[in-house]
Amino acid sequence: DELADMFFNQRTTSNNAKDRRKYELHISPIVGMIKIHQLDKQDLIQLQEELQVKKIPLTQKSEMMILPTNKTVNTITDLLYFILNWAFNENHINMPIPKIKKLSVDNARDRILSSAEVQSIFDNLEGQYLMMVQIMYYTGIRPESALRLKVSDVVDGHLHISSIKEQEAHKVPISSKLSAVMTPFISGLSKDHFIVSQKLQPSFYNTI
């Protein structure tokens, strides 16, 4: 915990507060009080195993709890390694850092979200964030494509998607559920306005 505090206090990245919170919630309760020279591989294995069965909120504001994916567990243990490697490079520790094997990650979709999980996500978003997620959910288009959509791309019950990366220009049907939320959202906007941002300039993906 003392090393982590030193690490976060000198760090200036935009996600520093978020990572500190992640450390405090998931890492500190399990290994935070171990004396650094006594930290060994078994402690890190225990951290990994306990994280796999520790339920976490579906979203930041949600009361629904789910088990983390292997990818999420790896992200948390990676944060601990960032701290340990920083401490080693800054000569705060001189011990070899124990290594453990990451959990395997299947990049294929593990499962489909339940209706309750989808609704929980919708309930915890608003404005352009909700609009973007709903467009992606009801059409399956990429985030970048959703951000580039203009009101003028809504034609005859379809969204006209511009080409991006290896994806060719195409169109997708607008379902009744998407139409019900999108139509009032863009009501009164000119055809040059971007749907998600409701402005003449698109929102930036990294900001969203």
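Model, not experiment: these values are computed from the prediction. Side chains are part of it too, since the values below use all heavy atoms of this structure and drop only hydrogens, waters and symmetry mates.
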Test your reading of the model: is there a side-chain donor-acceptor pair from [X] to the backbone of [Y], 3.5 Å cut-off?
X      : Y      : answer
Asn89  : Asn85  : yes
Ser145 : Ile141 : no
Asp153 : Leu149 : no
Asn9   : Met6   : no
Thr77  : Asn74  : yes
Asp5   : Asp1   : no
Gln198 : Gly127 : no

Hey, any chance [X] and [Y] share a hydrophobic cluster, counting ILVMFWY side chains that come within less than 4.5 Å of each other, even indirectly?
X      : Y      : result
Ile45  : Met95  : yes
Leu113 : Leu130 : yes
Ile30  : Ile97  : yes
Phe8   : Leu25  : no
Val133 : Ile161 : yes

Heavy atoms of other groups near [X] [atom1], more than 12 under 6.0 Å:
X      : atom1 : result
Glu2   : CD    : no
Asn94  : CG    : no
Gln201 : CD    : no
Glu126 : CD    : no
Phe88  : CZ    : no

Looking only at non-hydrogen atoms, find the nearest pair between [X] and [Y] and report the distance.
X      : Y      : answer
Gln134 : Val181 : OE1-CG2, 3.5 Å
Ile135 : Leu159 : CG2-CD1, 4.3 Å
Tyr23  : Gly32  : OH-CA, 3.9 Å
Met136 : Ala146 : CG-CB, 4.1 Å
Pro98  : Tyr81  : O-OH, 2.9 Å
Ile174 : Ser179 : CG2-N, 3.8 Å

Item to check | side-chain contact (heavy atoms from CB on, under 4.5 Å) between Leu47 and Ile76, worked out | outcome: CA-CA 10 Å; Leu47 171 66; Ile76 295 172; 5.5 Å; no
Next on the checklist: Between Arg11 and Asp19 (salt bridge meaning N to carboxylate O under 4.0 Å), is one present in this structure?
Outcome noted: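 Here Arg11 pairs with Asp19 in a salt bridge, since their nearest N and O are under 4.0 Å apart.
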Item to check | Given Arg21, Glu50, Lys54, the one that forms side chain to side chain donor-acceptor pair (under 3.5 Å) with His26 | outcome: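 When Arg21, Glu50, Lys54 are each tested with His26, the side chain to side chain donor-acceptor pair (under 3.5 Å) holds only for Lys54.
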Checklist entry - Yes or no on side-chain contact (heavy atoms from CB on, under 4.5 Å) for Val151 and Met182, after CA distance, side-chain angles and deciding distance? => result CA-CA 10 Å; Val151 176; Met182 188 172 67; over 6 Å; no
How about [X] and [Y]: does a side-chain donor come under 3.5 Å of a side-chain acceptor?
X      : Y      : result
His193 : Lys150 : no
Asp192 : Ser190 : no
Gln52  : Gln48  : no
Asn15  : Arg20  : no

Going from [atom1] on [X] to [atom2] on [Y], what distance comes out if it is rounded to the nearest 0.5 angstrom?
X      : Y      : atom1 : atom2 : answer
Ile93  : Ile36  : CD1   : CD1   : 5.0 Å
Ser28  : Leu80  : OG    : CG    : 10.5 Å
Leu51  : Asn70  : CG    : CG    : 11.0 Å
Ser175 : Tyr138 : OG    : OH    : 6.5 Å
Thr139 : Lys171 : OG1   : NZ    : 15.0 Å
Lys18  : Leu79  : NZ    : CG    : 11.5 Å

Taking the side chain as everything from C-beta on, heavy atoms only, tell me whether [X] gets closer than 4.5 Å to [Y].
X      : Y      : result
Gln128 : Ser197 : yes
Leu44  : Leu39  : yes
Tyr205 : Leu147 : yes

Checklist entry - Under the salt bridge (charged side-chain N to carboxylate O under 4.0 Å, His left out) rule, what pairs show up with a residue in residues 80-105, not counting sequence neighbours? => result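 Listed once each, the pairs are Asp78-Lys102.
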Next on the checklist: Run the side-chain contact (heavy atoms from CB on, under 4.5 Å) test against Ser176 and tell me which residues pass, sequence neighbours left out.
Outcome noted: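 Counting only residues at least two positions away or on another chain, Ser176 forms no side-chain contact (heavy atoms from CB on, under 4.5 Å).
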Item to check | Residues which pass side-chain contact (heavy atoms from CB on, under 4.5 Å) with Pro68, listed by chain and number, not counting sequence neighbours | outcome: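 Only Ile56, Thr72, Val73 meet the side-chain contact (heavy atoms from CB on, under 4.5 Å) criterion with Pro68.
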Next on the checklist: Before you tell me yes or no, could you show the steps for Ile66 and Lys55 under side-chain contact (heavy atoms from CB on, under 4.5 Å), namely the whole-Å CA-CA distance, both residues' side-chain angles and the distance that decides it to 0.1 Å?
Outcome noted: CA-CA 5 Å; Ile66 61 172; Lys55 289 191 174 182; over 6 Å; no
Item to check | Parallel, tilted or perpendicular, as decided by the 30° and 60° cut-offs, for the rings of Tyr137 and Phe122 | outcome: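 Ring orientation of Phe122 relative to Tyr137: perpendicular.
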Checklist entry - Once the angle between the rings of Trp86 and Phe7 is folded into 0 to 90°, is it parallel (under 30°), tilted (30 to 60°) or perpendicular (over 60°)? => result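 Geometry flag for Phe7 against Trp86: perpendicular rings.
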Item to check | Ile208 and Tyr129: CA distance, side-chain angles, deciding distance, side-chain contact (heavy atoms from CB on, under 4.5 Å) verdict | outcome: CA-CA 7 Å; Ile208 292 287; Tyr129 307 104; 3.8 Å; yes
